[in-house]
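Small disclaimer: the values here were computed from a predicted structure and weren't measured. Residue numbers begin at 1 in each chain, while the letters A, B, ... track the order of the sequences. Any value given below was found using the heavy atoms of this structure, including those in side chains, with hydrogens, waters and symmetry copies removed.
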Protein chains: 2
Amino acid sequence: MQLAHPGPEEFVLASVLSALGSPIRLEVVKRLSQGEHLNCTTALPHVPQSTASHHWRVLRESGLLQQTREGRVITMTLRRADIDGRFPGLLDAVVGSGQS
Amino acid sequence: MQLAHPGPEEFVLASVLSALGSPIRLEVVKRLSQGEHLNCTTALPHVPQSTASHHWRVLRESGLLQQTREGRVITMTLRRADIDGRFPGLLDAVVGSGQS
DNA sequence: TGCATACTTCGATTATAGTCGATGCGACGC
DNA sequence: GCGTCGCATCGACTATAATCGAAGTATGCA
């Protein structure tokens with residue numbers, strides 16, 4: 001089963017910013033940008049599965065990350081090239097500041 | 001009467017992104033960044049006053065804009081230097097993309 | 001085939017955000 | 001002083017988002 005991912009031409013800036021505007025999602029994006037390889041269970045161990053899954057969906061539908069199944073595990077990766085292509089400098093500015 | 005504005009050290013990235021994550025507020029920030037001088041009535045003529053005022057508050061409390069009274073009119077300006085100081089490149093990336 | 005794993009989706013609940021009329025308050029003109 | 005203008009704030013309502021248990025689905029292994 002494949003999850004639906006928007007194409008870069010479908011990205012909406014307000015949706016991307018809104019997705020990043022939640023501390024819990026912002027943190028995940030930052031960790032992904034630092035090269036961390038996250039799957040859905042390890043990313044937020046203290047958060048219930050269904051809640052976490054909701055946040056993955058928001059991030060995925062905004063275009064920020066990709067979920068690819070590898071066996072039974074779904075791995076999440078930042079769609080850095082796609083986001084950079086549409087909103088140059090945005091991701092760098094967001095993950096570059098040492099802030100939350 | 002003076003409205004409360006946070007100092008740059010109080011800015012929270014997630015709050016700034018969340019404030020920008022609303023299409024109506026994003027548009028105002030873009031217009032301000034293009035040098036438009038807006039007051040509270042002219043900025044969103046089609047939106048009820050109290051609703052508009054709510055959005056000014058969100059933008060003001062996140063640190064994105066400053067409201068200064070000039071006589072009876074309150075003029076809004078982007079706090080570009082303060083935002084750039086804390087989150088370099090963020091505003092450029094947001095207003096630079098021709099997107100909504 | 002059957003069972004366990006690693007998720008997503010569903011449905012209900014709660015929390016937060018947006019909307020807008022009414023009211024309040026400071027600034028200006030008179 | 002009084003009235004008006006330009007806004008903020010209040011309070012009530014509505015809409016959207018977050019939370020989480022339960023159920024559903026694809027994968028892998030025995």
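One finds a salt bridge joining B/Asp92 and B/Arg80 here, because a Lys/Arg side-chain nitrogen approaches an Asp/Glu carboxylate oxygen to under 4.0 Å.
Residues from residues 50-63 of chain B that place a heavy atom under 4.0 Å from any atom of DNA chain C, listed by number: B/Ser50, B/Thr51, B/His54, B/His55.
Between the CG atom of B/Leu20 and the C1' atom of C/dA17 there is a distance of 16 Å, rounded to whole Å. Rounded to an integer number of Å, the gap from CG of A/Leu65 to P of C/dC7 is 13 Å. Look at CD on A/Gln49: it is 6 Å from P on C/dT8, rounded to the nearest Å. Regarding A/Arg69, its CZ atom lies at a distance of 10 Å from the C1' atom of C/dT5, rounded to whole Å. Rounded to whole Å, atom P of D/dC20 lies 12 Å from atom CG of A/Leu44. At whole-Å resolution of the value, CG in B/Leu3 and C1' in C/dG24 are 14 Å apart.
OP1 and OP2 of C/dA6 both lie 4.0 Å or more from every side-chain N or O belonging to A/Asn39. At D/dA18, one or more side-chain N or O atoms of A/Arg25 fall inside 4.0 Å of OP1 or OP2 (strictly under the cut-off).
In this structure, the side chain to side chain contact (heavy atoms under 4.5 Å, CB included) partners of A/Arg60, at least two apart in sequence or on a different chain, are A/Leu3, A/His5, A/Arg57, A/Leu65, A/Gln67.
Between the CD1 atom in B/Ile24 and the NE2 atom in B/His54 there is a gap of 9.5 Å [rounded to 0.5 Å].
A/Gln67 comes within contact range of the sugar-phosphate backbone alone, with a heavy-atom separation under 4.0 Å but no base atom that close.
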Q.
Does B/Glu70 form a side-chain contact (heavy atoms from CB on, under 4.5 Å) with B/Ile74? I'd like the steps, not just the answer.
A. CA-CA 6 Å; B/Glu70 296 170 5; B/Ile74 292 182; over 6 Å; no
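Between the A/Arg31 side chain and the A/Ala43 main chain, a donor and an acceptor come within less than 3.5 Å of each other.
Taking every heavy atom of both residues into account, A/Pro6 and A/Phe11 meet most closely at O-CE2, 3.7 Å.
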